[in-house]
Protein chains: 2
Amino acid sequence: MTMPTGYDKYAFEPFAVTVDLAVFTLRAGALHVLLVERGQEPYAGHWALPGGFVLPTESAETAARRELAEETGLSDVGGLHLEQLRTYSEPGRDPRMRVVSVAFTALVPDPPEPHAGSDAAQARWLPYDTAKPLAFDHDRILADAHDRVGARLEYTCLATAFCPPEFTLGELQRVYETVWGTALDRPNFRRKVLATPGFVEPVPGAARLTGGRGKPAALYRAGAVTTLHPPLLRPSREGRPA
Amino acid sequence: MTMPTGYDKYAFEPFAVTVDLAVFTLRAGALHVLLVERGQEPYAGHWALPGGFVLPTESAETAARRELAEETGLSDVGGLHLEQLRTYSEPGRDPRMRVVSVAFTALVPDPPEPHAGSDAAQARWLPYDTAKPLAFDHDRILADAHDRVGARLEYTCLATAFCPPEFTLGELQRVYETVWGTALDRPNFRRKVLATPGFVEPVPGAARLTGGRGKPAALYRAGAVTTLHPPLLRPSREGRPA
DNA sequence: TTGACTAATAGTCGTTACGACTATAAAGAG
DNA sequence: CTCTTTATAGTCGTAACGACTATTAGTCAA
C-alpha cells in the first residue's frame with residue numbers, strides 16, 4: 001500500500017492532531033518552563049506541557065498561538081518567539097487513541113502568572129531542572145526543546161527573545177549562561193556581541209541600574225539581523241546532540 | 001475550545017497524516033532530488049515529492065522509510081540518512097481534504113534508478129535547479145529541505161552521507177561545493193577537515209584514482225563524531241535563513 | 001618518451017578571532 | 001570612606017583562517 005487513489009474520507013485510519021508547547025522564560029536567573037497539571041486521566045495529577053487539538057480551520061502554528069494565549073494570557077506580547085520543534089508520532093504515545101503532536105518552542109521575557117485553562121487543574125511556571133517527570137512523552141519533548149534552544153543561541157539572535165525590548169549586555173549574557181549552564185567571561189562576551197554586526201544596537205544616552213548595585217549599564221535593543229556571523233559558540237564541548 | 005474532555009473518537013475533525021520526502025543525491029557533480037510524476041488529479045502530470053499516508057501502526061519515521069524503500073528500492077542502504085524536516089499543516093494545502101504532512105530529508109550516495117510506485121506515472125532523479133514548479137506546496141518543502149541540508153553541512157558530518165563508504169577529500173569537498181553552490185579553496189578545505197577530530201579517518205594504504213586523471217588521492221572513511229567542532233562555515237554570507 | 005594537463009598534497013604568510021587575564025570606572029551598602 | 005558589585009577598557013599569546021605558492025604523481029596526446 002502507498003496511497004488510496006481517491007482519498008476517500010475515512011478510507012484510512014484518522015489521526016488526532018495536537019500541538020504541544022515548550023514555553024521557556026527566565027525567572028530569578030533560572031530557566032523556567034510553563035506546565036499545566038492534568039485534571040483527568042490518564043496522568044491525572046501529573047504535570048504536562050500545555051497544548052491542545054488543532055481545529056479544522058487552523059494551521060498548527062495558529063493553534064499553538066491560540067493555546068499559548070489561552071494558557072498564559074499572553075496574546076501578542078512584543079518579544080514572542082514561536083518556532084516549530086518537530087512532530088512526535090509514535091503509536092502509543094497517548095494510551096487512548098492515535099495522536100500526532102506537533103511540538104513548538106516559545107520564548108517569553110518576563111511573563112505574567114498563567115491562569116489554569118479548561119481542563120487543567122492549574123498552570124504554573126516551574127524551574128526546568130525540577131520539571132521531570134512529565135506526562136506522556138513530554139519529558140523527551142522538553143529535552144529536545146532545551147537542546148534546540150541551546151543550539152539556536154549559538155547561531156541566531158534568539159537570546160534577545162528572552163529579554164525585554166531594552167536590555168543590558170549583562171542581562172543578555174545571563175540568558176546564555178542560564179540556558180547553557182556555563183559561566184562566560186564577561187569582557188570576552190561583550191567583545192563578541194559588539195563585534196557581531198546587527199546583533200544589538202545601542203540605545204543612545206540611556207542607562208539602567210541592574211537592580212541598583214554596581215555601575216549603571218548601557219542599554220541595547222535587538223538588532224536587525226537574525227543570524228549570527230560568526231556564531232557565538234559555547235565553550236569546550238566535545239559532543240553536542242545532532 | 002481547547003480539548004474535548006473525553007477524546008471521543010470523531011468528536012473532532014479527523015486529519016489525514018502523510019509523509020513527504022525530499023531525497024537528495026549527487027549525480028555528475030550536480031544536486032539531484034527524487035521526484036515522482038503524479039498520475040491523477042489534482043496536479044496530474046506534475047512532478048511532486050514522493051510520499052504517502054502514515055499507516056495506523058506506524059510512526060512517521062517508519063512510514064518515511066517504507067515509502068523511500070517502495071519508491072527507490074533502497075531499503076537498508078548503508079549510508080542512509082533520514083531526518084525530520086518539519087510539519088506542514090496549513091488548511092488548504094491539499095484541495096481534497098485536510099492533510100497534515102510530516103516532511104523528511106534523506107541523503108543517499110550513488111542511488112539506483114527508481115521504479116515508479118503504485119499511483120505515480122514515473123519516478124526519477126531530477127536536477128535540483130530544474131525541479132520547480134512542483135505540485136501542492138512541495139516547492140516550499142523542497143526549498144526548506146535544501147536550506148536545512150546546507151546548514152547541516154556546516155555543523156555536522158552530514159556530508160559523508162552523500163559519499164560512498166570510502167571516499168577522497170576531493171569528493172567530500174565537491175559535496176560542499178555542490179550543495180552550497182560556492183567554490184572552496186582545496187588546501188584550506190583539506191586542512192579544516194583533517195584538523196577536526198573524528199570527522200574523517202584515513203583508510204591505511206589505500207588510494208583511488210578519481211576518474212583516472214591526476215595524482216591518486218588517499219581514501220577516508222566517515223569518523224565517529226556527528227557534530228563538527230569547530231563548524232565548517234561557508235564563506236562570506238551576510239544573511240542566512242533562520 | 002616527452003611534455004602538457006590535472007588533481008592531490010605540502011607549506012607559507014599575514015590577519016583576525018579568541019581565551020585568559022588585568023585594570024579602571026561608577027554605582028550602593030555599611 | 002571603604003568595601004563590594006557590576007560595567008567597561010585594554011593586553012597578550014595562541015589558534016584559526018583566507019589567500020597564496022610549490023611540489024608530487026598520475027593520465028593523455030603528440
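Protein chains get the first letters and strands the later ones, always in sequence-line order, with residue 1 at the start of each.
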Distance, rounded to the nearest Å, where [X] contributes [atom1] and [N] contributes [atom2]:
X	N	atom1	atom2	value
A:R174	D:dA7	CZ	P	6 Å
B:F189	C:dA7	CZ	C1'	15 Å
B:R213	D:dT27	CZ	P	11 Å
A:Q173	D:dT8	CD	C1'	12 Å
B:L194	C:dG11	CG	C1'	14 Å
A:L219	D:dT6	CG	P	17 Å
A:L169	D:dA9	CG	C1'	14 Å
A:L184	C:dC18	CG	P	13 Å

Exercise for the section: Using ring-ring contact (aromatic ring centres under 6.0 Å, His included) as the criterion, list what pairs up with B:Y176, not counting sequence neighbours. Expected result: B:W180, B:F189

Handout entry: A:H32: partners by ring-ring contact (aromatic ring centres under 6.0 Å, His included), with sequence neighbours left out
Key = none

Exercise for the section: In plain terms, say whether B:K192 and B:E154 are close enough for a salt bridge, that is, a side-chain N and a carboxylate O under 4.0 Å apart. Expected result: no

Problem - Test side-chain contact (heavy atoms from CB on, under 4.5 Å) applied to A:E83 - qualifying residues, sequence neighbours left out - result: A:H81, A:R148, A:R152

Fill in the blank from the handout: Applying side-chain contact (heavy atoms from CB on, under 4.5 Å) to B:A222 and not counting sequence neighbours gives B:T160

Exercise for the section: Examine B:F136 together with B:Y88 and report whether their ring centres are nearer than 6.0 Å. Expected result: no

Is there any protein nitrogen or oxygen under 3.5 Å from a nitrogen or oxygen in nucleotides 17-19 of chain D, and what are the pairs?
from	atom 1	to	atom 2	distance (Å)
D:dC17	OP1	B:K192	NZ	2.5
D:dG18	N7	B:R191	NH2	2.8
D:dG18	O6	B:R191	NH1	3.2
D:dG18	O6	B:R191	NH2	3.4
D:dA19	N7	B:N188	ND2	2.9
D:dA19	N6	B:N188	OD1	3.3

Exercise for the section: Output yes when at least one side-chain N/O atom of A:R186 is less than 4.0 Å from OP1 or OP2 of D:dT6, else no. Expected result: no

Exercise for the section: Tell me whether the OP1 or OP2 atom of C:dT9 has a side-chain N or O from B:R190 closer than 4.0 Å. Expected result: yes

Problem - Five-pair end axes of the helix from C:dT1-D:dA30 to C:dG30-D:dC1, angle between them (10°) - result: 0°

Problem - Residue B:K215, side-chain atoms from C-beta onward, closest of D:dG26, D:dT6, C:dA7 - result: C:dA7

Practice task
Side-chain contact test, heavy atoms from C-beta onward, threshold under 4.5 Å: evaluate it for B:L35 versus B:R124 and give yes or no.
Solution key: no

Exercise for the section: May I ask you to test the B:T25-B:L107 pair for a side-chain heavy-atom distance under 4.5 Å? Expected result: no

Exercise for the section: Mind listing the closest non-hydrogen atom pair of B:S89 and A:E61 along with its distance? Expected result: OG-OE1, 3.8 Å

